[in-house]
Amino acid sequence: MHGADPRLVLGLHRSRHHRDILTAALDLGVTALDTAAPYFGFRSHTVLAETAADLLPRFTLSTKVGFFPSAGGAEHSLDPVRLRLAVERAARELGREPDTVLLHNPERALAGLSTADGHTLLGDACTALADAARDGLCRAWGVASWDTRSLGTVQVDGLPSPDVLMVRAGFLVGMDLLDATTILRTAWQPGETWGMSPFGGGHRKVWEEFDPRPFLRPSHGDLSRIQAAFRTAFHLPSTSATAVGTDVSGHLAQLVQALGAEVDTAAVSQYLRALHGHRQS
């Protein structure tokens with residue numbers, strides 16, 4: 001049994017939701033779990049409650065709302081009434097209040113709107129989640145954004161500041177997106193930032209061609225390239241936790257091991273300067 005380490009979050013996107021991976025996570029000290037209403041065909045919450053109700057109280061649990069079942073599979077909405085009902089439904093389906101509820105990819109609804117209309121729509125959605133947290137439906141609220149560039153166009157100044165901002169992280173995130181995240185965090189001042197998708201959706205061939213181990217101090221030749229990529233992702237951008245999806249306990253154990261490595265922040269800064277220079281040339 002490992003000591004709890006909140007930096008690694010077990011994400012359930014594409015997960016089969018087997019009980020075995022949850023028990024393995026707890027044994028490894030992974031006590032943070034992230035899911036979303038539409039995961040597992042909109043059944044993630046109910047399946048978790050059916051297969052692991054006794055385990056869920058041992059996790060810090062986050063979920064996301066904003067996608068809803070439709071005839072076409074799923075539709076996205078920032079309607080504050082629908083969001084409030086979705087938070088209430090999540091608590092019922094899980095059999096407990098989530099610790100954190102995140103607004104799921106709000107940029108989907110903001111595309112094509114004017115700055116003023118986008119500001120109002122996002123503000124109403126954020127207020128709905130902030131009110132849900134105030135009313136005890138969750139402990140904290142936040143925003144999970146796959147593309148923060150769209151959020152920067154609606155001027156988040158003056159909107160409720162999220163407790164958590166969840167963004168893409170890692171070497172496969174482009175400089176334009178990293179810059180957009182930096183600008184958004186400066187304007188919005190979230191309580192903390194979490195990373196997601198540190199391997200870029202499973203592009204394993206990248207790690208055959210690129211070795212990120214020199215970004216660790218020392219270079220940790222005993223760790224794999226995947227482990228080094230995961231550990232360095234906490235600095236691209238700077239995050240307090242990173243969500244990773246896997247159904248294989250051995251993979252999860254390797255990521256836990258990687259948390260013990262130290263990142264060479266000077267090397268990361270040099271890498272970011274190089275990216276900036278390449279983009280401007």
Side-chain angles (χ1 to χ4, degrees), residues 1-18 20-35 39 58-60 62 144 146 164-175 177-178 181 192-275:
M1 176 73 70
H2 291 242
D5 193 327
R7 291 178 295 170
L8 175 52
V9 181
L10 177 59
L12 297 184
H13 185 221
R14 301 193 184 97
S15 169
R16 295 188 297 274
H17 286 57
H18 289 171
D20 289 353
I21 191 62
L22 300 183
T23 57
L26 291 171
D27 288 342
L28 290 166
V30 178
T31 58
L33 189 65
D34 178 69
T35 188
Y39 289 0
R58 299 169 63 184
F59 285 99
T60 299
S62 57
W146 188 252
V164 175
L165 177 63
M166 191 176 197
V167 297
R168 288 164 60 191
F171 284 105
L172 297 183
V173 180
M175 197 68 244
L177 194 55
L178 288 172
T181 295
E192 57 182 313
T193 303
W194 297 351
M196 61 179 165
S197 194
F199 307 123
H203 298 92
R204 297 191 67 88
K205 189 174 181 180
V206 172
W207 313 116
E208 297 173 5
E209 301 172 351
F210 171 63
D211 187 354
R213 285 175 292 190
F215 289 87
L216 302 181
R217 187 170 51 198
S219 59
H220 279 282
D222 56 323
L223 296 182
S224 70
R225 296 184 181 194
I226 289 291
Q227 287 174 303
F230 167 69
R231 185 65 186 92
T232 310
F234 283 80
H235 295 264
L236 295 167
S238 175
T239 58
S240 59
T242 297
V244 181
T246 183
D247 277 326
V248 181
S249 60
H251 294 169
L252 197 60
Q254 291 172 5
L255 299 181
V256 170
Q257 180 189 13
L259 291 173
E262 181 181 357
V263 176
D264 186 341
T265 55
V268 173
S269 296
Q270 184 178 4
Y271 167 76
L272 291 173
R273 288 195 298 269
L275 283 184

Taken to the nearest 0.5 Å, the spacing of Leu28 CG from Leu8 CG works out to 8.5 Å
Supply the atom-to-atom distance Gln257 CD to Asp222 CG, rounded to the nearest 0.5 angstrom.
6.5 Å
Closest approach of Val30 to Phe59 (non-hydrogen atoms, all atoms of both residues):
O-CE2, 3.4 Å
Asp247 to Arg14 - nearest heavy-atom pair and separation
OD2-O, 4.2 Å
Once rounded to the nearest 0.5 Å, what's the spacing between atom CG of Leu12 and atom CG of Leu33?
4.5 Å
Heavy-atom pair with the smallest gap, counting every atom of Leu223 and Ala261
CD1-CB, 3.8 Å
Side-chain heavy-atom pair Met196, Asp34 within 4.5 angstrom cut-off:
no
Could you tell me which residues satisfy ring pair (Phe, Tyr, Trp, His ring centres under 6.0 Å) with Phe234, sequence neighbours excluded, listed by chain and number?
Phe230
Residue pair Val256 / Asp5, side-chain heavy-atom distance below 4.5 Å:
no
Heavy-atom check, side chain of Leu236 versus side chain of Val268, under 4.5 Å:
yes
Is the closest side-chain heavy-atom distance between Val167 and Leu177 below 4.5 Å?
no
Treating Gln254 as the side-chain partner and Gln227 as the backbone partner, does any N or O pair qualify as donor plus acceptor under 3.5 Å?
no
Over all atoms of both residues, closest heavy-atom pair of Pro198 and Thr242
CG-CG2, 3.9 Å
Student check: side-chain heavy atoms of Asp20 and Ser249 closer than 4.5 Å:
no
Find out whether Met175 and Leu272 are in side-chain contact, i.e. whether some heavy atom of one side chain is under 4.5 Å from a heavy atom of the other.
yes
Check whether any side-chain heavy atom of Val263 sits under 4.5 Å from a side-chain heavy atom of Leu216, and report yes or no.
yes
Supply the atom-to-atom distance Ser269 OG to Asp264 CG, rounded to the nearest 0.5 angstrom.
9.0 Å
Heavy atoms from other residues, nucleotides or ligands near CD of Glu192 exceed 12 (cutoff 6.0 Å):
yes
Start with the C-alpha distance between Tyr271 and Thr232, add both sets of side-chain angles, then the distance that settles side chain to side chain contact (heavy atoms under 4.5 Å, CB included), and finish with yes or no.
CA-CA 12 Å; Tyr271 167 76; Thr232 310; over 6 Å; no
Ring pair (Phe, Tyr, Trp, His ring centres under 6.0 Å) partners for His235, two or more places apart:
none
Closest heavy-atom contact between Arg168 and Trp146?
CD-O, 2.9 Å
Can you check whether Thr193's main-chain N or O pairs, donor with acceptor, with Ser240's side chain at less than 3.5 Å?
yes
Indicate the atoms forming the closest heavy-atom contact of Val9 with Ala241, along with that distance.
CG2-CB, 4.0 Å
Assess the residue pair Arg213 and Arg231 against the criterion (side chain to side chain contact (heavy atoms under 4.5 Å, CB included)); give the C-alpha distance rounded to whole Å, side-chain angles, the decisive distance to 0.1 Å, and a yes or no.
CA-CA 10 Å; Arg213 285 175 292 190; Arg231 185 65 186 92; over 6 Å; no
Can you tell me how far apart CD (Glu208) and CD1 (Ile226) are? Round to the nearest 0.5 Å.
9.0 Å
Interatomic distance, OG1@Thr31 vs CZ@Arg58, rounded to 0.5 Å, equals 10.0 Å
So, the side chain of Arg225 versus the backbone of Trp207: is there a donor-acceptor pair under 3.5 Å, distance only?
yes
Is Phe171 close to Val206 at the side-chain level, that is, under 4.5 Å between some pair of heavy atoms?
no
